[in-house]
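Quick note: numbers below take in every heavy atom, side chains included, and nothing from hydrogens, waters or symmetry partners.
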Amino acid sequence: MDKTDFVKQLATLESLTDWEDGDAVLEALDTARREIYIQYRTGKMNAEEFRALNVLASCLEHRAIDSMMDKWDEESEAERM
């Protein structure tokens with residue numbers, strides 16, 4: 001994979017850290033992961049780059065889910081009051 005392509009994929013994933021909408025992050029991650037997989041399968045990305053981007057995507061996914069769960073807890077708590 002051209003380093004420029006790797007940097008573009010990395011920037012795409014990194015940009016998701018600023019998003020507030022967990023559902024939108026999960027949807028964007030799904031799209032990004034598909035693109036990363038295609039680039040790996042077509043030989044445009046080596047295994048190390050593929051693994052690195054997938055680890056980052058997994059971390060972002062967990063962060064988005066945690067954020068969504070925190071919001072649900074807050075909403076649930078507010079409804080009880």
> When clusters are formed by joining ILVMFWY residues with side-chain heavy atoms under 4.5 Å apart, either directly or through shared neighbours, do L53 and I38 land in the same one?
Replying inline: no
> Got a sec, which pairs hit ring pair (Phe, Tyr, Trp, His ring centres under 6.0 Å) with one end in residues 49-77, sequence neighbours left out?
Replying inline: Y40-F50
>> Show, in sequence, the C-alpha distance, side-chain angles and deciding distance for M45 and I36, and conclude whether the side-chain contact (heavy atoms from CB on, under 4.5 Å) test is met.
In response: CA-CA 8 Å; M45 181 184 302; I36 291 166; 3.9 Å; yes
> Just wondering, more than 12 heavy atoms not from E35 lying within 6.0 Å of its CD?
Replying inline: yes
>> Please give me the minimum heavy-atom distance between L13 and A32, naming the atom from each residue.
In response: CD2-CB, 3.9 Å
What side-chain donor-acceptor pairs closer than 3.5 Å can you find for residues 73-81, not counting sequence neighbours?
from : atom 1 : to  : atom 2 : distance (Å)
S76  : OG     : R80 : NH2    : 3.1
E77  : OE1    : R80 : NH1    : 3.2

>> Once rounded to the nearest 0.5 Å, what's the spacing between atom CG of L60 and atom CG of L26?
In response: 10.0 Å
> Which pairs with one or both residues in residues 15-33 pass salt bridge (Lys or Arg N to Asp or Glu O under 4.0 Å), sequence neighbours excluded?
Replying inline: D30-R34, R33-E61
> Is the side chain of T12 donor-acceptor paired with the backbone N or O of K8 at a distance under 3.5 Å, no angle test?
Replying inline: yes
> At their closest point, which heavy atom of A64 faces which heavy atom of V25, and how far apart are they?
Replying inline: CB-CG1, 3.8 Å
